[in-house]
J.: 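Encoded as structure tokens, here's the structure I'll be asking about.
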Amino acid sequence: MEQQVPSKKMYGLAIGIFLVGTILLFFFFINSGVFKQGERLIVPGESQFTLDSKGKYTIFNEYQSVFDGKVYSNEQSIPGLHVALTDPSGQTVELEPININSTYTLNGREGVGVLTFSVDEVGTYTMAGWYDNDTQATEVVVLIKKTFLSEVFIGIGIFIGGFIFALIVFLWTFIKRRKATKTIPSAQG
């Protein structure tokens, strides 16, 4: 019984699978919330902003920032600052403390995640910020951005899955071709 030897084209298939996985990772990240800017607001005060998709969001204290030409340099923690959020129908949105350390540094801006919330409808939201003591008037830049940690893990999973599948095809081809070259009967027999 003659054993089928995989074609060298299978190596090309493995490379193609790897490239497709890499391209999918690229397009996934471009279309996800990873590179979207988010909404930047100043608190204390009241501001309206639009959320264009349902899901989970993070509120960051952008403690090193430039906003509308003004430089902001604050502490990572702002004691006494409170924020409240209302949805398009005026209902209060539940804000929860962030449960994972989330920081960023981007183009001279630095921020730390402080709160998370989920929205079930798109539209215009209102954020109000105030201090316990009205005389404490430190202005703070907050960034509201769609939570993207799960998207990062999905993207990495796509890449690793493509890599593993490509590696399996490559190794299968290599092993089968190697076995076939060792079992070819001698013509002098």
Side-chain angles (χ1 to χ4, degrees), residues 17-72 74-78 81-131 138-165:
I17 291 169
F18 176 76
L19 291 175
V20 166
T22 303
I23 291 168
L24 285 173
L25 170 70
F26 175 76
F27 281 115
F28 181 79
F29 277 147
I30 294 299
N31 292 317
S32 72
V34 172
F35 296 111
K36 293 186 179 164
Q37 292 295 317
E39 294 285 340
R40 295 171 68 213
L41 312 169
I42 301 292
V43 292
E46 187 172 292
S47 300
Q48 291 188 327
F49 59 96
T50 301
L51 297 178
D52 59 3
S53 63
K54 299 175 183 180
K56 193 167 187 174
Y57 287 80
T58 301
I59 299 174
F60 293 89
N61 167 17
E62 197 165 274
Y63 56 90
Q64 297 292 326
S65 186
V66 176
F67 188 78
D68 285 340
K70 184 176 176 184
V71 176
Y72 293 86
N74 296 314
E75 299 295 322
Q76 287 188 21
S77 174
I78 308 293
L81 178 63
H82 301 277
V83 292
L85 186 64
T86 54
D87 66 17
S89 65
Q91 299 296 312
T92 300
V93 176
E94 182 180 352
L95 301 174
E96 300 173 358
I98 197 161
N99 56 11
I100 187 168
N101 186 16
S102 181
T103 61
Y104 66 90
T105 301
L106 180 66
N107 297 329
R109 298 174 10 216
E110 295 182 44
V112 59
V114 290
L115 298 167
T116 63
F117 63 95
S118 295
V119 299
D120 295 328
E121 61 180 309
V122 298
T124 302
Y125 285 73
T126 303
M127 175 178 277
W130 69 94
Y131 284 100
T138 302
E139 287 187 323
V140 178
V141 178
V142 295
L143 170 69
I144 300 166
K145 186 167 174 47
K146 186 149 183 156
T147 303
F148 58 85
L149 188 59
S150 62
E151 293 173 345
V152 169
F153 287 134
I154 291 169
I156 291 170
I158 289 170
F159 177 76
I160 290 173
F163 175 78
I164 290 172
F165 188 50

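Values below: all heavy atoms of this structure, side chains included; hydrogens, waters and symmetry mates excluded. Keep in mind that what you see is a predicted model, and the values were worked out from it rather than measured. One-based numbering along the sequence shown.
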J.: So, using salt bridge (charged side-chain N to carboxylate O under 4.0 Å, His left out) as the criterion, who are the partners of E46 when residues are at least two apart?
T.: none
J.: List for me each residue that meets side chain to side chain donor-acceptor pair (under 3.5 Å) alongside E75, sequence neighbours excluded, and say none if there are none.
T.: none
J.: If you count heavy atoms of other groups shown closer than 6.0 angstrom to CZ of F163, is the number above 12?
T.: no
J.: Could you tell me the separation between the OG1 atom of T124 and the CG atom of D52, rounded to the nearest 0.5 Å?
T.: 11.0 Å
J.: I'd like to check the ring pair (Phe, Tyr, Trp, His ring centres under 6.0 Å) partners of F159; sequence neighbours left out, ordered by chain and number.
T.: F18
J.: Please list, chain by chain and in numerical order, all residues satisfying side chain to side chain contact (heavy atoms under 4.5 Å, CB included) with I42, sequence neighbours excluded.
T.: F67, Y72, E139, V141
J.: For residues 91-108, which residue pairs qualify under salt bridge (Lys or Arg N to Asp or Glu O under 4.0 Å), counting only residues two or more places apart or in two chains?
T.: none
J.: Filter on salt bridge (Lys or Arg N to Asp or Glu O under 4.0 Å), then keep only pairs touching residues 115-130, sequence neighbours left out; what's left?
T.: none
J.: Can you list every pair that meets salt bridge (Lys or Arg N to Asp or Glu O under 4.0 Å) and has a residue in residues 152-163, with sequence neighbours left out?
T.: none
J.: Do the non-hydrogen side-chain atoms of T116 and I98 ever get within less than 4.5 Å of each other?
T.: yes
J.: So, applying side-chain contact (heavy atoms from CB on, under 4.5 Å) with V142, which one of I59, I78, L81 is it?
T.: I59
J.: Any non-hydrogen side-chain atom of D87 less than 4.5 Å from a side-chain atom of F117?
T.: no
J.: Could you work out, with side chain to side chain donor-acceptor pair (under 3.5 Å) as the rule, every residue matching E39, not counting sequence neighbours?
T.: none
J.: Is there side-chain contact between T58 and K145, with heavy atoms separated by less than 4.5 Å?
T.: no
J.: Which atom names give the shortest non-hydrogen contact between P44 and T138, and what distance separates them?
T.: CD-O, 3.5 Å
J.: What residues form a side chain to side chain donor-acceptor pair (under 3.5 Å) with Y63, not counting sequence neighbours?
T.: Q76, E110
J.: Quick one: pull up OG1 in T50 and CD1 in I144 and give me the separation to the nearest 0.5 Å.
T.: 11.0 Å
J.: Considering residues at least two apart in sequence or located in another chain, which fulfil the side chain to side chain contact (heavy atoms under 4.5 Å, CB included) criterion with S53?
T.: Y57, K146
J.: So which heavy atom on F60 is nearest to which on G113, and how close?
T.: CD2-N, 3.3 Å
J.: Which residues pass the side chain to side chain contact (heavy atoms under 4.5 Å, CB included) test with I164, not counting sequence neighbours?
T.: I160, I168
J.: T126: which residues meet the side chain to side chain donor-acceptor pair (under 3.5 Å) condition with it, sequence neighbours left out?
T.: Q48
J.: With rounding to the nearest 0.5 Å, note down the distance linking CG in L85 to CG in L115.
T.: 10.0 Å
J.: Compare all side-chain heavy atoms of V122 with those of L51 and state whether any distance is below 4.5 angstrom.
T.: no
